[in-house]
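Taking it in order: structure first as structure tokens, then the write-up.
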Amino acid sequence: MPELPEVETIARDLQHALTGQQVADVTVLWPRIVASPSPEGFRARLAGQTVRSVGRRAKFLVLGLSSDCLIVHLRMTGQLLIDPDRVRIPVAGACEDPHVHLALHLRSGRALCYRDVRKFGRFWLVADPSGVLGSLGPEPLDDALTPARLHAMLRKRRRRLKDLLLDQTFLAGLGNIYVDEVLWEARLSPRFLGSAMEEKDSARLQGTIRVVLQRAIAARGTTLRDYRDARGAPGANQDHLIVYGRAGEACPRCGGVIVREVVAGRGTYFCPTCQRE
DNA sequence: ATATCTGCCTGCTCGC
DNA sequence: TGCGAGCAGGCAGATA
């Protein structure tokens, strides 16, 4: 699943490939992928605009265009691919690959294809990005997220850490995989309450968030099944995962058994022996 | 404020 | 081998 490190990787790939490129035309094969405006308005407004910047906010990809902002969320299985196999590029409302739902055709002859097995991903074309991004919490890698600030945020919430770290309005960018990895690294149970955190716990958590995310970015993301970068290549961070998907295996820190339990409604991997309740 | 449920989707796993 | 049921999961929206 594309989380912050995966979207960051794609954003960096696309920055090189798309900056300065002009959109010639747009093909929408699955209209529900376009959240705003209408699919027809989306196509009409997008055509002719030039990509000025490519960035990321939380798990959203943000393209600054001549007069609008194009925002993409990949949700579970979305992929943004530059010039995939040419026969797969949709033309005139058809495409050989049944999972390609949208394409931007560039003036240069290249194309940016959106591929998504589950069709959960969404596109927004808006003049003001704050309507889509406005309610997001702070960026985990922002220097403004100091240990003291995170501690203050946690202390006033009587919710489990698993729940809080997944909540994009609390902290923006982590998903199920990295929350489990971060909590293992910080030796904190996913059921630990934010309000029960002590200052040293929050400081350790803040440090592990940075370490885990930066390591994943350096490895170009985690590919368990679907994730690919903009060139179609998998990441390598799956080799660094300690707990996610490893129920029944030994915890490399204490030798205890890693379990999978449902916490806050989501499959959660952790070591009940060394992650403090 | 917090917790729980449903819907969106399709591929995969599991039991028979 | 084949088939259907259930599951996975980010997020919005509704409800308690």
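A note on names: the letters A, B, ... follow the listed sequences, proteins ahead of strands, and every chain is numbered from 1.
In this structure, A:Arg220 and A:Arg231 approach most closely via the heavy-atom pair NH2-NH2, 3.4 Å. Counting all heavy atoms, side chain and backbone alike, A:Thr27 lies closest to A:Pro90 at OG1-O, 4.0 Å. Residues A:Ile209 and A:Val182 share a closest heavy-atom pair of CG1-CG1, 3.6 Å.
Residue A:Arg260 has its side chain nearest to C:dA8 when only B:dA3, B:dT10, C:dA8 are considered. Checked against C:dG10, B:dA3, B:dT10, the side chain of A:Met76 finds its nearest nucleotide in C:dG10.
Contacts of A:Arg157 with the nucleic acid, taken as non-hydrogen atoms under 4.0 Å apart, involve only primed sugar atoms and P, OP1 or OP2. As judged by a 4.0 angstrom heavy-atom cut-off over every strand, A:Gly265 is placed among residues making no nucleic acid contact. Residue contacts shown for A:Tyr244 are limited to sugar-phosphate atoms, with no base heavy atom under 4.0 Å away.
Remark: P of C:dG10 and CD of A:Gln79 are 17 Å apart, rounded to the nearest angstrom. The separation between A:Met1 atom CE and B:dT10 atom P is 18 Å, rounded to whole Å. A straight line from CZ of A:Arg57 to P of C:dC11 spans 12 Å, rounded to a whole angstrom. Note: CG (A:Asp226) to C1' (C:dA8) measures 11 Å, nearest angstrom. Distance, A:Arg155 CZ to B:dA1 P: 18 Å, rounded to whole Å.
Panel note: side chain A:Gln206, backbone A:Thr146; no donor-acceptor pair is recorded below 3.5 Å.
Linking Ile, Leu, Val, Met, Phe, Trp and Tyr whenever their side-chain heavy atoms come within less than 4.5 Å puts A:Val34 and A:Trp30 in one cluster.
With centroids closer than 5.5 Å and planes inclined by less than 30 degrees as the test, A:Phe120 and the base of C:dC11 fail to qualify as a stacked pair.
Nearest-nucleotide positions on DNA chain B place A:Lys156 closer to the 5' end than the other of A:Lys156 and A:Arg32. Positionally, the nearest nucleotide of DNA chain B for A:Arg159 lies more toward the 5' end than for the other of A:Trp30 and A:Arg159.
In summary, of the residues considered (A:Cys271, A:Ser189, A:Pro190), a side-chain contact (heavy atoms from CB on, under 4.5 Å) with A:Trp184 occurs for A:Cys271 alone.
Within the 4.0 Å cut-off from OP1 or OP2 of B:dT10, at least one side-chain nitrogen or oxygen of A:Lys119 is found. Listed pair A:Arg266 / C:dA8 fails the phosphate criterion, with no side-chain N or O lying under 4.0 Å from OP1 or OP2.
One finds no salt bridge joining A:Arg12 and A:Asp229 here, because no Lys/Arg side-chain nitrogen approaches an Asp/Glu carboxylate oxygen to under 4.0 Å. With salt bridges taken as basic N to acidic carboxylate O contacts below 4.0 Å, one links A:Asp201 and A:Arg276. Comment: A:Glu139 engages A:Arg57 in a salt bridge, judged by a side-chain N to carboxylate O separation of less than 4.0 angstrom. Between A:Arg253 and A:Glu185 there is no salt bridge, since no side-chain nitrogen of the basic residue lies less than 4.0 Å from a carboxylate oxygen of the acidic one.
Residues A:Trp124 and A:Phe60 place their aromatic rings such that the two centres sit under 6.0 Å apart.
At most 12 non-hydrogen atoms from other residues, nucleotides or ligands lie less than 6.0 angstrom from CD of A:Glu199.
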Show me the protein contacts with nucleotides 11-14 of chain B, counting only N or O atoms at under 3.5 Å.
from: B:dG11; atom 1: OP1; to: A:His99; atom 2: NE2; distance (Å): 3.4

With 3.5 Å as the limit, what N/O pairs link the protein to nucleotides 12-16 of chain C?
none

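Less than 4.0 Å separates DNA chain C from at least one heavy atom of each of the following residues of residues 160-177 of chain A: A:Gln168, A:Asn176.
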